[in-house]
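Written out below as structure tokens is the structure these notes cover.
Starting from 1, each residue takes its place in the sequence as its number. Every heavy atom of this structure was used, including side-chain atoms; hydrogens, water molecules and symmetry mates were not.
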Amino acid sequence: MFGVAVVLGAAAVGMNAQDGKTTLVEPPAPLLPQQVGEWVRQADAPAPASDAKTDTILNEDGLKREEHGVYRVGAAGPQIAVTARQFVDATGAHAAYSYYERPGSTYRGTGLGSETSASSEGYLFRSGASVVEASGGRGPKIEGLLEGIETRLPKIGGPKGLAPVLPTYVPAKGLERDSVKYALGPVSYEATGGVLPGAILGFDKAGEAVTAKYAGKGTLTLLTYPTPQIAGDRLRAIEGEIHPRGQGMGTVVLRREGALVLMTSGRWTESEAKSLVAGIHPRSEVTWNKQMPPEFHAEIGKTYSLLSSIMIFCGFGVLAAVILGLFLGGGRAGWRVLHGKPAASEPEFLRIDLSGSVAPVSTEGNHPGA
């Protein structure tokens with residue numbers, strides 16, 4: 001009986017004191033299975049070391065939970081250390097994937113899940129809103145283990161399952177592919193090679209950033225925001241930051257188009273830098289799956305208030321026209337009745353008679369033959 005009570009107590013997440021109802025919640029499935037084919041997860045595997053900066057970056061990316069495990073075939077086979085992390089959405093997962101991707105790794109596209117890269121240390125892949133690291137070796141058997149893990153990861157759909165669009169704006173010519181880093185916060189931006197202070201870029205206003213390097217040239221920075229107004233404000237902040245630096249940042253070309261801000265820095269020629277940023281244009285795609293900043297909601301509120309005021313004004317105008325019509329028409333009819341005339345007057349017409357005969361003139365209340 002005590003064991004049953006413990007299980008119920010652990011599963012219950014809330015009780016309404018008034019009606020005595022208990023809500024039972026099934027715990028989420030583990031990110032890492034106990035066994036995949038011949039691979040068996042070892043007990044009491046030590047978790048990888050962490051540091052404050054990495055914890056902050058994962059928090060910026062929206063980490064929900066993570067699990068670590070060591071897999072092995074038999075008692076003497078190689079050990080593969082696997083860490084799986086689940087994020088709020090695919091945007092945060094892509095940012096974490098970008099952070100953990102090592103220089104010199106080989107990008108393999110959708111080899112495992114949504115995107116995969118392989119390095120001398122092992123594998124890194126993203127599947128929806130989850131990111132998995134594996135170290136300890138490479139080969140078909142290890143890839144089979146990771147495929148089994150990938151099929152068991154939580155699946156996510158809708159807007160939260162959409163990867164960010166901003167990294168797709170980066171021009172491919174001359175690009176060092178493993179230098180492309182996507183960030184959702186100031187700490188991750190600076191840790192992945194950002195050339196500006198992360199604090200001025202407006203990540204608290206749902207900003208996103210991409211940093212990309214080009215061989216023998218320099219760095220391209222792309223920033224996007226929910227509204228053009230926020231983008232314009234951040235552009236002015238960036239200008240105020242780079243002007244005191246003078247030539248220290250190399251060839252700097254800044255451009256804003258809508259909610260997108262572009263900047264070059266480094267060893268570009270001026271014509272190359274201008275040509276690069278001029279060829280990048282935002283596409284009309286709605287991918288925002290994060291909470292919008294207060295400024296965004298304020299703009300919506302202003303628009304709603306304006307439209308409501310216009311509708312109210314038009315309503316009062318229609319009502320005033322009706323009342324004025326009733327007043328003038330009713331007043332005219334009453335005046336006629338007070339003078340012994342019918343309320344409705346006979347219409348008067350102008351007529352051109354081409355017959356040559358003289359037609360009698362009809363006056364109101366005195367018709368011919370009356």
Side-chain angles (χ1 to χ4, degrees), residues 27-51 54-55 57-58 61-157 160-164 167 176-182 192:
L31 292 174
L32 297 176
Q34 187 61 35
Q35 183 172 356
V36 179
E38 298 179 326
W39 294 92
V40 179
R41 184 176 177 180
Q42 306 299 296
D44 301 325
S50 182
D51 59 83
T54 299
D55 292 341
I57 291 173
L58 293 176
D61 296 339
L63 177 67
K64 292 179 64 176
R65 57 178 176 142
E66 64 178 306
E67 288 184 17
H68 175 75
V70 174
Y71 288 86
R72 192 173 191 177
V73 177
Q79 292 188 349
I80 304 301
V82 180
T83 301
R85 298 179 175 90
Q86 182 185 2
F87 296 83
V88 173
D89 51 35
T91 299
H94 182 81
Y97 175 89
S98 174
Y99 171 69
Y100 281 108
E101 189 176 17
R102 298 293 174 254
S105 59
T106 303
Y107 185 71
R108 295 171 48 178
T110 57
L112 291 169
S114 306
E115 49 189 338
T116 309
S117 60
S119 66
S120 59
E121 300 175 2
Y123 298 90
L124 174 71
F125 71 87
R126 179 182 69 84
S127 177
S130 301
V131 176
V132 176
E133 282 186 286
S135 60
R138 291 175 56 178
K141 290 189 65 174
I142 298 174
E143 293 185 14
L145 165 65
L146 298 180
E147 288 175 358
I149 292 174
E150 193 277 333
T151 59
R152 294 169 173 81
L153 290 172
K155 307 305 176 187
I156 186 171
K160 289 188 175 182
L162 298 176
E176 297 178 356
R177 207 222 64 81
D178 59 356
S179 72
V180 180
K181 299 298 180 182
Y182 174 74
T192 53

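Using a 4.5 Å heavy-atom cutoff, the side chains of R138 and S119 are not in contact. Side-chain contact between K64 and P154 is absent, with no heavy atoms from C-beta onward closer than 4.5 Å. Residues F125 and R108 fail the side-chain proximity criterion, which asks for heavy atoms closer than 4.5 Å.
When every heavy atom of D51 is checked against every heavy atom of T54, the shortest pair comes out as OD1-N, 2.8 Å. Nearest heavy-atom pair across S127 and L153 is CB-CD1, 3.9 Å. The two residues E67 and L31 make their nearest non-hydrogen contact at OE2-N, 3.1 Å. Shortest non-hydrogen contact noted between D61 and A95 is OD1-CB, 3.4 Å. In terms of heavy atoms, K181 sits closest to S98 at NZ-O, 2.8 Å. The nearest pair of heavy atoms linking P164 to P167 is O-CD, 3.7 Å.
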Throw together a table of side-chain donor-acceptor distances under 3.5 angstrom for residues 128-136, partners on residues two or more places apart or in other chains.
residue : atom : partner : partner atom : Å
E133    : OE1  : R85     : NH1          : 3.0

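Of the possible donor and acceptor atoms, none in the side chain of R65 sits under 3.5 Å from a partner among the backbone N and O of A84. Not one N or O on the side chain of E115 forms a donor-acceptor pair closer than 3.5 Å with the backbone of G113. Side chain of R41 to backbone of L32: a donor-acceptor contact under 3.5 angstrom is found. Of the possible polar contacts, one joining the R72 side chain to the G77 backbone as a donor-acceptor pair under 3.5 Å is found.
The distance from atom CD of Q34 to atom CD of Q42, rounded to the nearest 0.5 Å, is 9.0 Å. Atom OG1 of T106 sits about 9.0 Å away from atom CG of D178, to the nearest 0.5 Å. Once rounded to the nearest 0.5 Å, the distance linking OG1 of T116 with CG of L146 reads 9.0 Å. Here CZ of R126 is found 12.5 Å from CG of L112. Values are rounded to the nearest 0.5 Å. The distance from the CG atom of L145 to the CD atom of Q35 is 11.0 Å, given to the nearest 0.5 Å.
A donor and an acceptor atom, one from each side chain of S50 and D55, are located under 3.5 Å apart.
Within the structure, ring-ring contact (aromatic ring centres under 6.0 Å, His included) pairs that include any residue of residues 75-118 comprise H94-Y182 (at least two apart or interchain).
For E38, the CD atom is loosely surrounded, since the number of other residues' heavy atoms within 6.0 Å does not exceed 12.
Using a cutoff of 4.0 Å between basic side-chain nitrogens and carboxylate oxygens, E101 and R177 are scored as salt-bridged.
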